[in-house]
There are 2 protein chains.
Amino acid sequence: MKRNCGQWGHRLRQCGYKCTPGREAVLEVLESNDEHLSPEEIYAIASKEYPEIGLTTVYRTLEILVRLGIVVKLEIGDGKSRYELSENHGNKTHHHHFVCDGCGRIEDYSDFIDEEIELITKIEKTLEKKRNFKIEHHIIQFHGLCGGCYVKNGRGKKI
Amino acid sequence: MKRNCGQWGHRLRQCGYKCTPGREAVLEVLESNDEHLSPEEIYAIASKEYPEIGLTTVYRTLEILVRLGIVVKLEIGDGKSRYELSENHGNKTHHHHFVCDGCGRIEDYSDFIDEEIELITKIEKTLEKKRNFKIEHHIIQFHGLCGGCYVKNGRGKKI
DNA sequence: TTCTATATGATAATTATTTTCATTTAGGTT
DNA sequence: AACCTAAATGAAAATAATTATCATATAGAA
């Protein structure tokens, strides 16, 4: 079963990776479900189209896609990792995440994104110059409770 | 062996938690080593002063301290969690982290911290108002390579 | 000192991820 | 179109951080 991995085939081959049905299946899942999927979820969805795929292949594929910058890894602190197409490749623009620590829901936001990008750029430049770091990416998350969980948890009562 | 858990004894008892030698040992470790320790590391250090302590108690104590806002949990993506006294309780002021994905080193930074706090406050207010979130904390991290790892990894050559 | 809810530690269980390894395959070469 | 080999695969085992269990011990109020 030969596949070409859609728009990413060229990129993969260029970097020495082969286009396989498993990799194509993972990419298709990420394209058609743009919401922060875990490897297990990606595996479950991909299995419908390509039942031979193994969970290990999903993990390995995601690792490669992250390395190539096609996919971004996201960790919200619940012990499992999540993945989404990076802003250059998906249909999303630069955004960050709000995480509800009550129910685990993740919402994108991009309010004040221009100011944010400007400040981030400034900080990155400073860190690179003053401390000799090579910044590759940043993580910005807001954590708290969504409306429903706030009510459910007693409206902010302590402990 | 009765302990009072130093400056935190009152706070703990007030919230219905007892002051135990294990909890005191964990707090002492966090006070005297302000650098992003994992539960295993905290356990190893605490064991020197109080050998009877168990790793489970370290985990449980950290959970409580986070809940009380005394300690902050930090995850840099290497699969283990780290803890530090929160800015209100330790000797550190508001800061964020640079993480070297090569060697795992974590460095605090607080460049442009005033601008950062201003922007964060603005974003939080907006998210709370427009989306009805209750923001409790945020995570800001810069990831990349420190000087040494950059050289070691071939100065940014791809793959 | 007594008493009881809370805390503890040893151990087992859980869960996400990684490793191993024998087998298969993508894709360049003949 | 058949061949060849490094790369990829899947099943299963291994790993590692964290959490649950449970019988025992203890903090701290009465």
Side-chain angles (χ1 to χ4, degrees), chain A residues 1-6 8-27 36-44 46-47 50-68 71 73-83 104 159, chain B residues 1-6 8-27 36-44 46-47 49-68 73-83 104 159:
Chain A
M1 197 193 300
K2 191 173 278 193
R3 299 294 178 88
N4 59 15
C5 293
W8 291 287
H10 182 248
R11 184 81 199 289
L12 282 169
R13 288 201 199 83
Q14 184 187 34
C15 296
Y17 299 107
K18 292 176 178 173
C19 286
T20 66
R23 289 173 182 171
E24 178 156 295
V26 169
L27 280 163
H36 324 113
L37 298 170
S38 69
E40 197 79 45
E41 290 167 333
I42 292 168
Y43 169 67
S47 295
Y50 180 58
E52 303 93 318
I53 197 172
L55 181 55
T56 311
T57 294
V58 173
Y59 273 100
R60 286 190 282 226
T61 299
L62 290 170
E63 190 189 354
I64 291 169
L65 296 176
V66 168
R67 198 178 318 142
L68 297 188
V71 158
K73 184 177 186 176
L74 171 65
E75 307 192 71
I76 64 166
D78 67 345
K80 57 186 73 164
S81 55
R82 287 149 206 286
Y83 296 83
I159 316 306
Chain B
M1 200 191 302
K2 192 174 277 190
R3 300 293 180 88
N4 59 14
C5 292
W8 291 287
H10 182 251
R11 184 80 199 288
L12 283 169
R13 288 201 198 81
Q14 184 187 34
C15 296
Y17 299 108
K18 293 175 179 173
C19 287
T20 65
R23 288 173 182 172
E24 178 156 293
V26 169
L27 280 163
H36 325 113
L37 298 171
S38 69
E40 196 79 46
E41 290 167 332
I42 293 168
Y43 170 68
S47 295
E49 289 298 315
Y50 180 58
E52 304 92 321
I53 197 171
L55 180 56
T56 311
T57 293
V58 173
Y59 272 101
R60 285 189 283 225
T61 299
L62 290 169
E63 190 188 356
I64 291 170
L65 296 176
V66 167
R67 199 179 316 144
L68 298 187
K73 184 177 183 175
L74 172 65
E75 307 192 72
I76 64 165
D78 66 346
K80 57 186 75 164
S81 55
R82 287 150 207 283
Y83 295 84
I159 315 306

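Chain A is the first sequence line, chain B the second, and so forth, proteins listed ahead of strands; every chain is numbered from 1.
Between the side chain of B:T57 and the backbone N or O of B:I53 there is no donor-acceptor pair closer than 3.5 Å. The main-chain N or O of B:A46 is never found under 3.5 Å from a side-chain atom of B:E49 such that the two would form a donor-acceptor pair.
For A:C19, taking side-chain heavy atoms from C-beta onward, the closest of the listed nucleotides C:dG27, C:dT8, D:dT18 is C:dG27. Listed nucleotides C:dA7, C:dT18, D:dT9 differ in distance to A:R60; the shortest reach to its side chain belongs to D:dT9. Closest to the side chain of B:T57, from the set D:dG10, C:dT8, D:dA17, is C:dT8. Minimum atom distance to the side chain of A:Y59 is reached by C:dA16, of the listed D:dT19, C:dG27, C:dA16. You'll find that the side chain of A:I53 is closest to D:dG10, out of D:dG10, D:dT18, C:dT6.
Expressed to the nearest 0.5 Å, how far CG of A:L12 lies from CD of A:E24 amounts to 10.0 Å.
The phosphate of C:dA16 has neither OP1 nor OP2 within less than 4.0 Å of any side-chain N or O from A:S81. Here A:T56 does not reach the OP1 or OP2 of D:dA11: none of its side-chain N or O atoms lies under 4.0 Å away. When the side-chain nitrogen and oxygen atoms of A:R23 are compared with OP1 and OP2 of D:dA8, one or more of them lie within a distance under 4.0 Å. In this model, the phosphate group of D:dA7 is not approached by any side-chain N or O of A:T20 to a distance below 4.0 Å at OP1 or OP2.
One atom, OH of A:Y17, and another, P of D:dA8, lie 7 Å apart when rounded to the nearest Å. Atom pair B:K80:NZ and C:dA16:C1' shows a separation of 15 Å (rounding to whole Å applied). Here the C1' atom of nucleotide D:dA17 and the CD atom of B:E41 are 13 Å apart, to the nearest Å. Atom CD1 of A:I76 and atom C1' of C:dA16 are 14 Å apart (whole Å). Residue A:L65 contributes atom CG, which lies 14 Å from atom C1' of D:dA8 at whole-angstrom precision. Between the NE2 atom of B:H10 and the P atom of D:dA27 there is a distance of 19 Å, given to the nearest Å. Rounding to whole angstrom units, CD of residue B:E63 and P of D:dA17 are separated by 18 Å. Between the NZ atom of A:K18 and the P atom of C:dA26 there is a distance of 8 Å, rounded to whole Å.
Where A:L55 and B:L55 each meet DNA chain C at their nearest nucleotide, the meeting point lying more 5' is that of B:L55. Nucleotides of DNA chain D nearest to B:P39 and A:G22 differ in position, and the one nearer the 5' end is that of A:G22.
Between B:R13 and B:N4 there is a side-chain heavy-atom pair separated by less than 4.5 Å. Between B:L65 and B:W8 there is no side-chain heavy-atom pair separated by less than 4.5 Å.
A:R13 contributes no side-chain N or O that forms a donor-acceptor pair with the base of C:dG28 under 3.5 Å.
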